[in-house]
Every structure is written in structure tokens, then in C-alpha cells.
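Please read the structure below before turning to the comments.
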Amino acid sequence: MYDLKDNLKKAIEISLASLDIKELDIPIQEVPDNKPGDYGSAVAFGLAKTLRKNPALIAKEIVANLPKIAGIAKVETVGPYINFFVDSAEFIQNVVEQDASIAKNDKKVIIEHTSINPNKEAHVGHLRNISLGDAMSRIFRANGHEVEVQNYIDDTGRQAAESLFAIDYFNEEYDGSKKYDHWLGELYVRLQTAKEKDPETIEAGVSKIMFKLEHGQLRAEIEQVVKALLQSSYSLGVEYDLLVWESDIVSSGFLKQALEVLKKSDSVYTPKEGKYANALVMDVSKFLPGLEENEVVLVRSDGNAMYVAKDIGNQFWKVGLFKGIKYSEFETQPSQKTLYTTHSKGKDKITGHNFANGDIIINVIDTRQSHPQTIVRTALKMTEAAKASDFEQSHHLAYEVVTLEGQAISGRKGITVSIDEVIAEAVERARKVIAEKNPDLPAIDEIAKQVGIGALKFSMIKTEAKKIIDFRWEQALSLQGDSAPYIQYAHARAASILRAAKKEDIDYNKADWSKLGELELKLARVIAKLPEAIKMSARDLSPHILAQYGLELATTWNSYYNHKDENGKPDTRILLSEAGQKEARLLLVEKLKSTLAKSLYLLGIESPEQM
RNA sequence: GCUCCCGUAGCUCAGUAGGAUAGAGCGACCGCCUCCUAAGCGGUAGGCCACAGGUUCGACUCCUGUCGGGAGCACCA
């Protein structure tokens, strides 16, 4: 891997060593457009104080002692800054020819996302979860990790019970006229209104269903919802490795084991009196100071476990503390990859798979769950059986909610938009634009899907997770500006040039890198930043960094493509370039295209060759 | 009340572990296709980076406080 910044860092280190200085953190940054040079460093500032010397002078001394650096043509000081001038021919060639191989990382990553309550259809808020989770899993894979994607099925919850009960209560039967999750969701909403008139019957009925669910008796009914929900994920191009059922977590004894482990801690006890008398509580004050309520109820005084307790059991299992859950095949996903599930009647081990036992655990859940998620991590911290790394490597990727035209999503108030609905609309809009701009395009349907769905997912990923997204149709489905189609278009444009080049007889050995200049250098510099963008995205659990990178790369390329000289004449016509320059430019475009495609791929977005 | 998050152009957002003149998109206005896809490109207008202090050679970035906005804090999930 060609890493110029790293080379610059090392060179400065050598220079500093010869001056008898040890500075651990050497900043390297890109030079602003209006300043001389390509990369710069401000190390001298940091040394000014300890050396009691003018930073500009220090910079000069460092430059004087610099060794030769490959790919650097010139070094200059600009005041206290040390600026490097890249040898553009060498640099661009290096960027084009760098191999994209990644070092294996032996830390296994478990990413849980989607985890939609199996009682009604998914809405745009879930779309954010799915898009972020899927992007994260792709990014970690790109960083060399083994990644296991889990989708948690809360099959013992009240909401699932209410939906199932509603079927009996209204005496309805599924006739296949709409998607099952939508059909069930309507019954669920109907039941909420019916509760006002007939609370006793409904309460009693729901309790009965809940009891059955807890004992895993209505598995087939829940599976039907889960399968319908998975269809939405599949149409977004998202797949999973394992479904984890809450009822299996409980029946495998993980809840019980978790409580036993926790009881060994002084912070977990059963008060004899007070408001939590006879309940099992966990005092988190030692670990989370400053809270008003220090005690968290794990098991109610009636003996029923709270949701957090199950969640703790789940987390303990993920990090590898518990064993004994069983697995079976669930279904074959569109890519032909098998989706597995936990199942009480399954096998202890699936050949070729070692589920759970993660080194890094990432839970993609909305930010309203921050408190319970903190409790779960705290439980790991206070448990002797857990390693310190289990706590440190447990992360909550908290994302803010999605609102609709400024209003909170609420199924009951009818303020909601389902994922299936937005997908259909997005694809339809994309189809219209294609029909208008490029009517002769073959496979319009396929490309409309790629573009429409790409736009949707990108709109969920491009902003920071901690910011609220207000979903607006025109904005989310926009095909121009800061959008996936903008990047896809840049990609298709590059593809088009390469297609045309294929018809000619081109000898790429004739590429003359010295015939490339400032414009190509600019493009190459951005291409070279991809590995850094991937690393940062993973480090900060922030796919938006990669999304922003994709935009920057597409912008740079579009700008290059449309560039004109002082006379207003295009000066970057690749196919009309002179011999030597043409071949080098084509190779650069090829690299650009694959880099765009990779950025999109890591966000779970397709890169059409034409659009 | 306590805890956490947010506040950058009219609107929606970037700003890469403090660094050089704060950047995009949408909207407005002016330009660019006899030339590899105009879903594109160039330009103009638009900023006390909420406010006040502090740390620093240097703060949109770190700390404290204030003001706005959101969320969380139950023997619910």
C-alpha cells in the first residue's frame, strides 16, 4: 500500500532524531489550494515552546535534515509550515498502481442491526438503522475483520403479542392481498383503538399470548412476520448471518446465567424494603456517577425479568461468556447465502460457523436506547467473568430518530411511511428520470432500482448519526446534488469513457506519466484518500465519513471532466489526448472508477455502468 | 429536577483527534453542450460558526457557564 502521508511522517521523524528531538505525533495535512505545495506539516509550532525558538527557524532546520523522500520533488518552508511538493508523475503512477489488498485483522466483529419488532411493517426510521448497520458491516469487512451480522427478534415482547392477539380478536384471516407485515400492522393499530372500549378482554388475551410466546409456542406465527420483514431488507440488498430470538436467549439459560454472574457483585442485591422491595436491583452509582436514579431493576418483585436483564444475557453471550444456544438454517437469501437462526431444536454447532464470541460488539440501535445500552455495558464492567476488553469493545452505534416533515413518526396517528412504500416511490421516480434522459438504456428497471434505492440509503447515511433526519420526499429521493445518483453518475461517466476506449486499440504500456499535470494530481490526491476514509469510518463508527468522501471524489472528477483552459476550450478530453498522455489518463480514470465503485459498495449502494 | 445529544449561509448539511482565507447541496441570479452522458461544470449573492468567558503561538474544533431545541431517566418494551 502506497501511503505518502506515512512516508512524510517518517521522514520528519528522521530529521527530528538527527536534531535530537522526539515528537511522537507528527501532523500531516493537505495544503489549502491557495498555498504552495501539496502536503504540509505544522510540527514546528509544537516544538517552538520546548525549544524556545522561533517556529519558522525550527521548520528550516527540520527541512535541512530531511532525507530523500520517494515521490516528493521539493520541500519548502512557508513561515513555520513545512510544505511538500509532490512529484506528480511518480505520485499519480503510485496511486494508480497501488494494490488494494488489506491486511487481515483477527478481531471478530459482531454487528447487530435491523432488530425490528415482529409485529408490523418497517418504517423509514428502521431504514436508517438498516442502512447504517449494513454500511458498518461492509466497512469493517473492508478493514479486514471477520464480521457477523445479527438481527435480533424480540419475539417475547408485548407488541408481538398484541399483533397476534389482534388476529383472533377481530377474527381475521390473511388472504395474501397485501404483504403480511402490513396486514398485521393494520390489525395492531386497530387493536390500539379497540383497547379503549374493551380493555379487560384485550388485556387478558394479550397476556395469554405473551405467556405462549415466552415458551416459544407461536414460533411459526412470528416467523411469518419475520419473513415478510426480511423481504424489505432483501430488496435493499441487505442480508444477515444470524437471527437471534429472544425466546432462545431465555430458554438457553442466558438470562439465568447472567443473573447468577451478576449476583456475585456487591452492586447487585434484593432490597428488603423501599420502593424496590423484593426486586433484584443493580446499583450502578459506582460506574455511572451523577445519575439521579442509581438502582436499575433486573427482576421484578413478582419474579419476572426486565427487558434489560435479557439484553444483558444477550450481550454476555455475544462476547463469549455463555455457551449452549442452538442453531438451524432459516432460509436462503437472494445472494444464495444461508441465513441461520437460533432455534431450541437446532444443532449445537453449524459446520464452518462459530457464532457469537465477538471481540468487538456493535449494537445499532436508536439513541433513545442509550440509557439501557449503557446499563448493559455497565453490567459487563462489574462482572468479574468478563474481560476489560469486553466492556471497552462493546459499542452502541446510537442514531437519532427520523421525523416526517418535522413530526414524530407515530403509527397510531397515521404519521408514518413504510420502507416498502418509499422504495416503490424512489424506484418509480428514478425510472421516470431515466426514461426522460436516457430512453434507449437497456435494463431500465434494474438501473431504476439501483439509482432509487441508492438515493434512499445515501440520504440515511450521509449525515452524522447523532443528528435528526427530517424525512422529506423531494430531499430523500433527490437525484442530484449531494446524493448517491450524483456519485453513480460520475461513475457511469467514467465507465462510458472506458467503454469507448475499449473500441480502440490501446497499448497501456505507452502510458507516459510525465504528461500528466496539476489537474490529474488533484484527482489522484483524492483517490489516495480512500483507505483513510475507510479507517476513520470504522474508528468512529461513522459511515457518513465515507459518504462524504464519495461526494468529494465525484465532485473532483466531475470538475476535472468539465475543465476548460483560459480560452474556454475543454482541455481534459481523455480520448483526444496525445499519445502517452491518453494512456496514462485512461489508467487514472479506471482507478477513479473503481474507487467510486468501492466507496458506493461500502455504503451498500450499487454502481451502474450506465444510467 | 438529573443525564446525554444538537445549535455553522434563507433551507438541509460537511468541516477528517486545535493549524494556513470556514465548504457543499437546495433555492436565487448570470454563464457553459458542432467536443468522451448537462443527473454535469464555472461564476455572483448569502456567515459575530447560538451567546459569554477561559486554555493556547493559534479555537467552528478543547473546558466552564448561559440561552434555545430534542431525547432519556418507571417493578413498560
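In the text below, chain A, chain B and the rest are named by the order of the sequence lines, each starting its count at 1.
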Below 4.0 angstrom, N of the basic side chain to O of the carboxylate: do [X] and [Y] qualify?
X       : Y       : value
K467(A) : E464(A) : yes
K462(A) : D482(A) : no
R525(A) : E520(A) : no
R431(A) : D445(A) : yes
E532(A) : K529(A) : no
R429(A) : E425(A) : yes

Measure the distance from [atom1] on [X] to [atom2] on [N] and round it to the nearest whole Å.
X       : N       : atom1 : atom2 : value
N294(A) : rG1(B)  : CG    : P     : 19 Å
E436(A) : rA38(B) : CD    : C1'   : 12 Å
E203(A) : rC76(B) : CD    : P     : 12 Å
I365(A) : rA71(B) : CD1   : P     : 19 Å
M460(A) : rC13(B) : CE    : C1'   : 14 Å
E590(A) : rC36(B) : CD    : C1'   : 15 Å

Rounded to whole angstrom, note down the [atom1] distance from [N] over to [M].
N       : M       : atom1 : answer
rG1(B)  : rA20(B) : C1'   : 46 Å
rU12(B) : rA50(B) : P     : 15 Å
rA59(B) : rG19(B) : C1'   : 10 Å
rG43(B) : rA24(B) : C1'   : 16 Å
rA9(B)  : rG23(B) : P     : 14 Å
rG58(B) : rC4(B)  : C1'   : 31 Å
rG18(B) : rU61(B) : P     : 12 Å
rC48(B) : rC11(B) : P     : 12 Å

Dot-bracket for RNA chain B, please. Rules: Watson-Crick or G-U, both distances under 3.5 Å, ( ) within the strand, [ ] when a pair crosses earlier ones, | for another strand, . otherwise. (((((((..((((.....[...)))).(((((.......))))).....(((((..]....))))))))))))....

What's [X] touching, base or sugar-phosphate or nothing? Going by heavy atoms closer than 4.0 Å.
X       : result
N278(A) : nothing
S41(A)  : nothing
V31(A)  : base
A492(A) : base
A533(A) : nothing
R368(A) : sugar-phosphate
Q369(A) : base

Please report whether the ring centroid of Y39(A) lies less than 6.0 Å from that of F85(A).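 Aromatic pair excluded; centres sit 6.0 Å or further apart.
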
Is it true that the side chains of [X] and [Y] contain a donor and an acceptor less than 3.5 Å apart?
X       : Y       : result
E214(A) : T156(A) : no
R585(A) : S577(A) : yes
H396(A) : N363(A) : no

Does R472(A) have any salt bridge (charged side-chain N to carboxylate O under 4.0 Å, His left out) partners at least two apart in sequence or in another chain, and if so, which?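 Salt bridge (charged side-chain N to carboxylate O under 4.0 Å, His left out) list for R472(A), sorted by chain: D470(A).
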
What pairs with D283(A) under salt bridge (charged side-chain N to carboxylate O under 4.0 Å, His left out), at least two apart in sequence or on another chain? none

Per-nucleotide protein contact along nucleotides 39-44 of chain B, 5' to 3', at a 4.0 Å heavy-atom cut-off (B base, S sugar-phosphate only, - neither), is BBSS--

Per-nucleotide protein contact along nucleotides 58-63 of chain B, 5' to 3', at a 4.0 Å heavy-atom cut-off (B base, S sugar-phosphate only, - neither), is ------

Go through the steps for K593(A) and E609(A) under the test salt bridge (Lys or Arg N to Asp or Glu O under 4.0 Å), then give the verdict. CA-CA 10 Å; K593(A) 176 177 175 267; E609(A) 292 289 311; 3.1 Å; yes

Tell me if rC33(B) is syn or anti. Syn = glycosidic torsion within 90° of 0, anti otherwise.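 With its glycosidic angle within 90° of zero, rC33(B) counts as syn.
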
Just the table, please: protein N/O against nucleotides 4-12 of chain B N/O, every pair under 3.5 Å.
residue	atom	partner	partner atom	Å
rC6(B)	OP1	K466(A)	NZ	2.7
rU12(B)	O2'	Q475(A)	NE2	3.0

H544(A) vs rG15(B): side-chain N/O to OP1/OP2 distance below 4.0 Å: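 For rG15(B), OP1/OP2 do have a side-chain N/O of H544(A) under 4.0 Å.
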
Contact under 4.0 Å: Y276(A) side-chain N or O vs rC75(B) OP1/OP2: yes

Of P36(A) and L576(A), the one whose closest RNA chain B nucleotide lies more 5': P36(A)

Where each residue is assigned the nucleotide of RNA chain B containing its nearest heavy atom, which of D25(A) and A500(A) is assigned the position nearer the 5′ end?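 Here D25(A) is the residue nearer the 5' end.
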
For I447(A), the option from V427(A), N438(A), L441(A) that meets side chain to side chain contact (heavy atoms under 4.5 Å, CB included):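 Among V427(A), N438(A), L441(A), the one that satisfies the side chain to side chain contact (heavy atoms under 4.5 Å, CB included) with I447(A) is L441(A).
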
Assess whether salt bridge (Lys or Arg N to Asp or Glu O under 4.0 Å) is satisfied between E162(A) and K195(A), documenting all intermediate values. CA-CA 11 Å; E162(A) 291 194 354; K195(A) 269 185 192 167; 2.9 Å; yes

K275(A) vs E293(A), salt bridge (Lys or Arg N to Asp or Glu O under 4.0 Å): CA-CA, chis, key distance, verdict: CA-CA 12 Å; K275(A) 70 171 170 172; E293(A) 178 60 74; 2.8 Å; yes

Kindly point out which of rC36(B), rG72(B), rA14(B) is positioned nearest to the side chain of Q548(A)?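 Nearest nucleotide to the side chain: rA14(B).
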
